[in-house]
Colleague: 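Pasting in a structure now, in structure tokens, and then I'll have a few things to ask.
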Amino acid sequence: MPSKDSPSPIVVWFRDDLRLDDNPALAAAVGEGRPVIALYVLDEGKGAPRAPGGASRWWLNLSLKALAEDLAKVGVPLVLRKGPAPKTVRQVVSEAGAGRIVWNRRYDAPGIAIDTELKSALRDDGLVAESFNGALLAEPWDVKTGEGQPYRVFSPFFRAMNVRGAPAQPTEFKAPSTLLPQPPALESEEIDALLPLPSRPDWAGGLRETWTPGEAGARKRLEAFLGDRLRRYADERDMPGEDATSLLSPHLRFGEISPRRIWHAAGDRAAAREEISDKQLDKFRAELGWREFSYHLLFHFPDIGHANFQPRFDAFPWRSDAEQFRLWTKGQTGYPLVDAGMRELWHTGYMHNRVRMVVASFLIKHLMIDWREGEAWFWDTLVDADPANNTASWQWVAGSGADAAPYFRIFNPTSQGEKFDPDGIYVKRWVPELARLPASHIYKPHEAPREMLERAGIRLGDTYPRPMVEHAKARQRALDAFQTIKNAS
Ligand code: FAD
């Protein structure tokens, strides 16, 4: 407890905003000149937001360690607790004798319910409790149609967002160089005890090779993107072999960097360098816009995580097929682009966006397995598994979502590979057993002449699977199934 004469501390409750830079809640606390208590609560109980999957837990462990180090450098420890958030937060507030608590908002229904209730309970206790926007370019309730309704279609949503002008500049929230601690430090749990890293087996080797969770890692990714990739983003972002995208998604998911910082940094760099055209910049900002749109949908239609946005899909005749689902997860479908994507996901916790669309379409349409099964697999294995982006994107591919791709548009996994990875760079990286096939057949080994396969060291059905379903037949079966719900509302 603070002594009678010392000012009461402020609790900064970190959640999906694991950074010091451009963190409005932290900035509000710093402005007060009071001691700061930095708190993170792992809440996996009933009523809590969806528990993170395996890859996200790995990320969270390292991201919290990075945050703890960054906070220590500016003078305060990270207090880590586990338990139901409402009770645990109030407990910490009371132990600290805090007079004020601040946090950045979240937009999923369970998170909102907890925060709203907690805020009013804390206020009833006589405390100041405040929330801020640290995660979005615009609050979901600030972007409305002319009739005051939420948007259901991306293009007018994004136009309306832009009409509001550029998002706020982040500079006013620069990371503090020092914070006032409150001795003695409050008790804290060990990160490794709460979120153990995988050990038996240690499946995280590929994740470690690929990522540096934490604010410094996020800034490095942004710099690498601005330095080389942004100038070719619009032209090459669909080509999985070209490494043209930012790889910022997991950093954004855990709030290690703010979308405002990214938006303005990209604009500043484009203004300073002639070779970054408006086309490249606009395309990149539009993708940040898709993230905003997903959050807009999650906030206004909180069921999109589990229920079809278009109810007619409730009657869709999904198939249940555990073996086919297993082959899909393992990257053993016999379609090289699908297999490359699923193996990239397993190894790195990430998959290129174009390939995500193709593998999701394959599961939903070629195998007719419910999009929720695929969404759950992604939730467990993606390091960027995001409550808004993941579900909105799965529903988009399924055709059941808002502004979704029509169900009858069925990706051909062979021609998608030939179009977006014509030299087979991506497939050779992730399906090495096909690496010696010439580009002409790398996406259709099952059509390669026998001698070609022999020269490439491939035995179909042995070293690489034959296609698990025939494209034309699977496509027709999916279209027939769609006919059964087409006219339902
Ligand atoms: P960039 O191309 O560099 O884009 C910059 C940022 O914009 C991304 O980091 C991301 O935050 C946002 N963004 C880009 N594309 C989209 C999109 N289509 N929808 C929403 N936001 C987008 N993205 C996630 O962040 N988490 C998920 O769980 C997720 N699941 C997906 C599932 C499926 C089936 C599909 C088709 C897409 C999914 N996406 C998801 C969207 C997209 O694939 C990733 O955001 C993107 O591949 C991340 O790579 P990047 O950071 O290099 O993207």
Side-chain angles (χ1 to χ4, degrees), residues 16 50 52-53 55-56 59 108 135-137 154 157-158 210-211 217-218 221-222 224-226 228-230 232-240 242-259 261-263 265-266 280-298 304-305 328 338 341-342 344-345 348-365 371-405 411 416:
D16 298 326
R50 186 176 183 183
S56 297
W59 189 286
D108 60 304
L136 296 176
L137 297 172
F154 173 71
F157 164 82
F158 193 51
T210 316
W211 303 103
R221 276 279 189 231
L222 175 63
F225 175 67
L226 299 177
D228 171 48
R229 299 175 175 204
L230 178 57
R232 53 195 173 91
Y233 180 78
D235 304 316
E236 296 180 9
R237 63 178 284 276
D238 264 326
M239 308 182 83
E242 294 303 333
D243 300 329
T245 71
S246 71
L247 301 177
L248 281 166
S249 51
H251 299 289
L252 273 164
R253 156 67 186 89
F254 289 94
E256 297 167 355
I257 190 163
S258 77
R261 174 70 65 202
I262 298 171
W263 176 282
Q280 315 297 330
L281 177 65
D282 292 349
K283 189 72 198 158
F284 179 62
R285 284 179 165 174
E287 294 311 311
L288 294 176
W290 273 100
R291 175 176 178 274
E292 297 286 313
F293 185 53
S294 301
Y295 273 90
H296 185 81
L297 293 173
L298 178 68
I304 58 160
W328 177 79
V338 176
M342 297 309 290
E344 180 186 23
L345 173 60
T348 67
Y350 175 87
M351 192 193 304
H352 186 275
N353 179 60
R354 167 64 41 184
V355 193
R356 291 188 201 204
M357 292 197 281
V358 174
V359 305
S361 170
F362 188 84
L363 184 80
I364 295 164
K365 297 175 186 180
W371 63 265
R372 281 162 282 224
E373 290 192 42
E375 194 274 342
W377 180 258
F378 269 35
W379 183 261
D380 197 32
T381 54
L382 274 174
V383 286
D384 64 20
D386 182 289
N389 286 355
N390 200 35
T391 48
S393 300
W394 273 92
Q395 293 229 40
W396 184 89
V397 177
S400 61
D403 197 11
F411 285 118
Q416 285 282 308

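Remember, it's a predicted structure, so these values are computed and weren't measured experimentally. Values below: all heavy atoms of this structure, side chains included; hydrogens, waters and symmetry mates excluded. When a ligand or atom number is given, it counts from 1 through the structure's own listing order.
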Colleague: Check each heavy atom of L252 against ligand 1 and say whether those closer than 4.0 Å belong to the side chain, the backbone, both or neither.
Modeller: side chain
Colleague: Name the closest protein heavy atom to atom 6 (C) of ligand 1, giving the residue it belongs to and the distance to 0.1 Å.
Modeller: L288 CD2, 3.9 Å
Colleague: Knowing that exactly one of Q395, R253, R356, E375 qualifies, which makes a side-chain hydrogen bond (donor to acceptor under 3.5 Å, both in side chains) with N390?
Modeller: E375
Colleague: Around atom 26 (N) of ligand 1, find the nearest protein heavy atom and jot down its residue, atom name and distance.
Modeller: D384 O, 2.9 Å
Colleague: Any chance the side chains of E373 and W328 put a donor and an acceptor closer than 3.5 Å?
Modeller: no
Colleague: Tell me whether F284 has any N or O atom under 3.5 angstrom from an N or O of ligand 1.
Modeller: no
Colleague: Taking all atoms of both residues into account, what is the closest heavy-atom pair of Y233 and Q280, and its distance?
Modeller: N-OE1, 3.1 Å
Colleague: For W263, does the six-membered ring have the charged nitrogen or CZ of R285 within the cation-pi criterion, i.e. under 6.0 angstrom from the centroid and within 45° of the normal?
Modeller: yes
Colleague: Would you mind listing which atoms of ligand 1 come within a distance below 4.0 Å of any non-hydrogen atom of L247?
Modeller: 50 (P), 51 (O), 52 (O)
Colleague: Among protein heavy atoms, which sits nearest to atom 3 (O) of ligand 1, and what does the distance come to when rounded to 0.1 Å?
Modeller: S246 OG, 2.6 Å
Colleague: Starting from atom 34 (C) of ligand 1, locate the nearest protein heavy atom and write down its residue, its atom name and how far away it is, to 0.1 Å.
Modeller: W394 NE1, 3.5 Å
Colleague: Any N or O on L248 sitting closer than 3.5 Å to an N or O of ligand 1?
Modeller: yes
Colleague: Judged by non-hydrogen atoms, does R237 sit under 4.0 Å from ligand 1?
Modeller: no
Colleague: If you measure every N or O of H352 against every N or O of ligand 1, does any of those distances drop under 3.5 Å?
Modeller: no
Colleague: Check each of E287, R285, R253 against atom 15 (N) of ligand 1 and report the one with the nearest heavy atom.
Modeller: E287
Colleague: Looking at the rings of W290 and H296, which for Trp means the six-membered one, are their centres under 6.0 Å apart?
Modeller: no
Colleague: For the CZ atom of R354 and the CG atom of D238, what is their distance to the nearest 0.5 Å?
Modeller: 4.0 Å
Colleague: Identify the heavy atoms of I257 and A218 that sit nearest to each other, and give their distance.
Modeller: CB-CB, 3.9 Å
Colleague: Between R221 (side chain only) and L248 (backbone N and O only), is there a donor and an acceptor less than 3.5 Å apart?
Modeller: no
Colleague: Looking only at protein heavy atoms, identify the closest one to atom 29 (C) of ligand 1 and say how far it is in Å.
Modeller: R356 NH1, 3.2 Å
Colleague: In chain order, what residues pass the side chain to side chain contact (heavy atoms under 4.5 Å, CB included) check against A388, with sequence neighbours excluded?
Modeller: S294, Y295, L298, D386
Colleague: Yes or no: does Y233 have any heavy atom under 4.0 Å from an atom of ligand 1?
Modeller: yes
Colleague: Taking distance alone, with no angle check, do N390 and ligand 1 share an N/O pair under 3.5 Å?
Modeller: yes
Colleague: Do side-chain atoms of K365 reach the backbone of V397 as a donor and acceptor pair under 3.5 angstrom?
Modeller: yes
Colleague: Partners of A265 by side chain to side chain contact (heavy atoms under 4.5 Å, CB included), sequence neighbours excluded?
Modeller: L222, L226
Colleague: Using a heavy-atom cut-off of under 4.0 Å, does the side chain or the backbone of W396 touch ligand 1, or both, or neither?
Modeller: neither
Colleague: Under 4.0 Å, counting heavy atoms only: does Y350 come that close to any atom of ligand 1?
Modeller: yes
Colleague: Would you check whether W290 has a nitrogen or oxygen atom less than 3.5 angstrom from a nitrogen or oxygen atom of ligand 1?
Modeller: no
Colleague: Among W396, F157, F158, which one satisfies ring-ring contact (aromatic ring centres under 6.0 Å, His included) with F293?
Modeller: F157
Colleague: Give a yes or no on whether the backbone of E242 and the side-chain of R232 come within a donor-acceptor separation of less than 3.5 Å.
Modeller: yes
Colleague: Tell me which one of I262, N353, N389 gets a heavy atom nearest to atom 20 (C) of ligand 1.
Modeller: N389
Colleague: Among all the protein's non-hydrogen atoms, which is closest to atom 35 (C) of ligand 1, and how far away is it?
Modeller: S393 CB, 3.3 Å
Colleague: Return a yes/no value for S249: is any of its N or O atoms, backbone included, closer than 3.5 angstrom to an N or O of ligand 1?
Modeller: yes
Colleague: Considering only heavy atoms of A385, which atoms of ligand 1 have at least one such atom less than 4.0 Å away?
Modeller: 28 (O)
